[in-house]
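Computed from a predicted model, the values in this text were never measured in an experiment. Quick note on labels: first sequence line is chain A, next is B, and so on, each numbered from 1.
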Amino acid sequence: MPPSAVWESGEVPEASADADALLAGLNPQQHEAVTHTGSPLLVVAGAGSGKTKVLTHRIAYALATGRARADQVIAITFTNKAAAEMRERVRSLVGPQANRMWVSTFHSACVRILRREYRDVPIRSTFSVYDMQDAQRLMALTCKRLNLDPKQFNPKLFSRRVSDFKNELITPADAAAQARTDFEKKIAEAYRLYNDALQQAHAMDFDDLIMRTVQLLQNNPQVARTYRRRFRHVLVDEYQDTNHAQYMLVRALVGADDDDAGVPPAELTVVGDSDQSIYAFRGATIRNIEEFEKDYPDAHTVVLEQNYRSTQNILSAANAVISANAGRRAKRLWTDSGDGAKVIGYAADSEHDEARFIASEIDSLATENVKPGDVAIFYRTNAQSRALEEIFIRTGLPYRVVGGTRFYERKEIKDALAYLRAIANPDDSVSIRRIFNTPRRGLGDKAEATVAAYAHDHDISFGAAIAAAVDGDIPGLAPRTMNALRDFHATLNEVREFATDASPAEILDAVLDRSGYVATLRASDDPQDESRVENLAELHAVAAEFRETQPDGDLGDFLERVALVADSDSIPDDDAGQITLMTVHTAKGLEFPVVFASGMEDGTFPHARSIDDASQLAEERRLAYVALTRARERLYLTRAAVRSAWGMPQQLPPSRFLAAIPEEVVDWRREVAGAEAFRSTSETSSRLSFGSGYRPKTSDTRRVQRAGAVRATEKDEETIPSLEAGVRVLHDSYGLGTVLEVTGQGWRAVASVDFGDGAVKKLMLRYAPLTKLDV
DNA sequence: TCTATGTCTACTAAT
DNA sequence: TAGACATAGA
């Protein structure tokens, strides 16, 4: 807030008084970034260098100096959380006028534009947004229609390839034209049909949101001009994570490729750090930030290297890890806040041992006034959270997992949202087919296939085909099926009518009630269904809260909101008092006083699937860099010598990233795991310590993994009864029987047993409640 | 058509 | 290990 003194002069225009205050406390580079005007600006912002401060102050400064009006500003981020934080911080600088800016994610900005310009897209304004699961479901249906063998042509792979196409702005026609192999041709064909199906359902997948906005702006000059006139200041956060489609979207918004003299290019600011680019797998390309000066020839670049977050020891470790990446723009973080504590290392025997160490360490940190809310634990893959959760439950430490099985991916939530989408968009085939027989209403595979075939033959949506069926236009449906269809159809229509003047929460109640969804769950004796009801109550709370924050928000707005929420959006604010567990990807952009980077093994981090490829390995290294630079005061690096995946224990060598860190910044509590020390008496002992030049090679990793793969369930074998043909047995529910045949041995043994009345059962002896009768 | 049971396969990362 | 899918029997 500006000091009150500046108001007293009376002479000074209000704006410039504010402006000066905004520059106070900035370092020279930050000052330069905030005050630069005219040409496109690239801010290369190292981790913790005050990036958000620069962005928010730059916006506020432009407003304060009268160079911009709030409604001329669009600031784009990748997560809603980042957007919310930015809006909040700008608001604290400039007051309520901040509400007139667009501060949002790429995806929600696009939805907003598409819903507004739906006539030119063209699409229904209440179009549905499909998440990855929905998209894969639709692709699976498409592949089925093409009669593709799912083993040879994997729908998931197809879905991924289509996503890649869209991120590159490649249309189905382009894809068909450039297809060489049969496989590529099949993909191109599936892509075309998949897109047709989306269009018919009035739906878009995540990638469409960007691609179709770009197409909208490119193909409709008058629409493009509207937005260019409006957005005179375009700011993009995390620019290193943009893919080609997003890059083109920014260009289109700025007007960089437009000769239209009526609207000069907008003022563009991008902020990013190529060392933190970790989304190549979804099409992001570092090229965009590295070539910014070529893309925008008169661009100005500012580099922020002073770090205000971490201690020097932490930065030294992070710098050492990232410096192994070839061809990066030289950049070295530094701080003037002192060395701080050393990085602490620990080599555990297993993932359970690792979890134990982490828990006990957090426990003892409490004596130094470190609270659980100050601590975060990172891992490479979601599955790693389990061992940690187990120990926290056992020790009673409060924790919270961010991501993983996400709220909006739960079955019951997806079902409920499918109902809502079916209400809002009667042509949404994926959603309607999802709930067609949920809860069970006697509409099985056959009914679905008949309706779907009719829809296909008449080129109408699945929803329209249901209406046709109810009108008696589809022959060959049993009376019982017709009744079920009529009821289903009536349910949707009734709720649709109700929905015209009801809030999202009320509509949700109505549809869950009228469809019998909640009643079915309540009647179930599956204990899981109890928590499902609770989750639906939670969804209701979300809908009710939505109405509070957005009194005019209709069902479409609500669906838009929930379609685009991200994992990171649910991160608790500051001191929720819980330990935070999440993947490194989710951790980007956050910071914590104490950080545990766990699973530092070759094969886990870097991930086994990235180890053989130089560019993927480089991305893993950037990911490690992100992990390390989240820590403010204390950083722990832990690894497990043995880790189980799919119930199979594997031995894993230390991560190569550990070897890169200078010895003098690490304090090893335990450098060699117990099992390794034992092993090293019979093998070369120096191999397992790092700092001694050991770098695990891929072939080593593989061999060790194979050797460590041992089945873990053999103790059951002794309790399996030994049977042979002719033996009499007693089964808990089938009663008395005679063994006809036994196949397989021990653990895999299966017996065919005749229980009389011609009832021959095949029973897994491992599980069957079977007693051998003597005599 | 539904349900239970057994079998198969998958764990990168996520807007 | 677990969830997704196939199959058989009711």
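When heavy atoms are screened at a 4.0 angstrom cut-off, Lys411(A) is found touching no nucleic acid atom at all. Arg440(A) comes within contact range of the sugar-phosphate backbone alone, with a heavy-atom separation under 4.0 Å but no base atom that close. Among the atoms of the strands shown, none is found under 4.0 Å from any heavy atom of Asp131(A). If you check every strand for non-hydrogen atoms under 4.0 Å, Gln616(A) touches a base.
dC11(B) sits 23 Å from dA6(C) when the C1' atoms are compared, rounded to a whole Å. For the C1' atoms, the distance from dT12(B) to dC5(C) is 23 Å, rounded to whole Å.
Between Gln136(A) atom CD and dA10(B) atom C1' the separation is 13 Å, expressed in whole Å. Distance NZ (Lys144(A)) to C1' (dC5(C)): 11 Å, rounded to an integer number of Å. Following rounding to the nearest Å, Asp445(A) (CG) and dA6(C) (P) show an atom-to-atom distance of 10 Å. Straight-line distance from the CZ atom of Arg480(A) to the P atom of dC2(B): 8 Å, rounded to whole Å. Taking atom CZ on Arg622(A) and atom P on dA13(B), their separation rounds to 18 Å, with Å as the unit. What separates CG of Leu443(A) from P of dC2(B) is a distance of 8 Å, to the nearest Å. Put simply, CG on Asp164(A) is 15 Å from C1' on dT15(B), counting in whole angstrom units. If you measure from atom CD of Gln240(A) to atom P of dA13(B), you get 20 Å, rounded to the nearest angstrom.
Formation of a donor-acceptor pair under 3.5 Å by the Asn437(A) side chain with backbone atoms of Leu443(A) is found in this model.
Because its NZ or CZ atom is both nearer than 6.0 Å to the ring centre of Tyr247(A) and within 45° of the ring axis, Arg287(A) counts as a cation-pi partner of that residue.
The aromatic ring centres of Tyr379(A) and His585(A) sit 6.0 Å or more apart. Note: His107(A) and Phe78(A) fail the aromatic proximity criterion, with ring centroids not under 6.0 Å apart.
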Which atom pairs link the protein and nucleotides 2-4 of chain C when you take only N or O atoms and keep those under 3.5 Å?
none

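At dC2(B), one or more side-chain N or O atoms of Asn437(A) fall inside 4.0 Å of OP1 or OP2 (strictly under the cut-off). For dT12(B), one of the phosphate oxygens OP1 or OP2 lies less than 4.0 angstrom from a side-chain nitrogen or oxygen of His607(A). In terms of phosphate contacts, Thr586(A) brings no side-chain nitrogen or oxygen within less than 4.0 Å of OP1 or OP2 of dA13(B). For dA13(B), the OP1/OP2 oxygens have a side-chain nitrogen or oxygen of Asn382(A) closer than 4.0 Å.
Evaluation of the ring pair (Phe, Tyr, Trp, His ring centres under 6.0 Å) rule for Phe436(A) yields Phe462(A), Phe488(A) as partners, not counting sequence neighbours.
Checked by distance alone, Arg282(A) brings no side-chain donor or acceptor within 3.5 Å of a matching partner on the base of dA13(B).
Map Arg160(A) and Gly444(A) each onto its nearest nucleotide of DNA chain B; the residue landing nearer the 5' end is Gly444(A). Nearest-nucleotide positions on DNA chain B place Lys446(A) closer to the 5' end than the other of Phe106(A) and Lys446(A).
Stacking between Tyr279(A) and dA13(B) is absent: the ring centroid is not both under 5.5 Å from the six-membered base ring centre and under 30° in plane angle.
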Exercise for the section: Determine, step by step, whether Glu560(A) and Arg112(A) satisfy the salt bridge (Lys or Arg N to Asp or Glu O under 4.0 Å) criterion, reporting the C-alpha distance in whole Å, the side-chain angles of both residues, the deciding distance to 0.1 Å, and the verdict. Expected result: CA-CA 9 Å; Glu560(A) 170 191 328; Arg112(A) 212 162 151 186; over 6 Å; no
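The side chain of Thr481(A) lies closest to dT1(B), out of dT1(B), dT15(B), dT12(B).
By the 4.5 Å heavy-atom criterion applied to side chains, Leu637(A) and Phe657(A) are not counted as neighbours.
With Arg622(A) as the partner, the side-chain contact (heavy atoms from CB on, under 4.5 Å) test is satisfied by one option alone out of Ile322(A), Asp273(A), Val321(A): Ile322(A).
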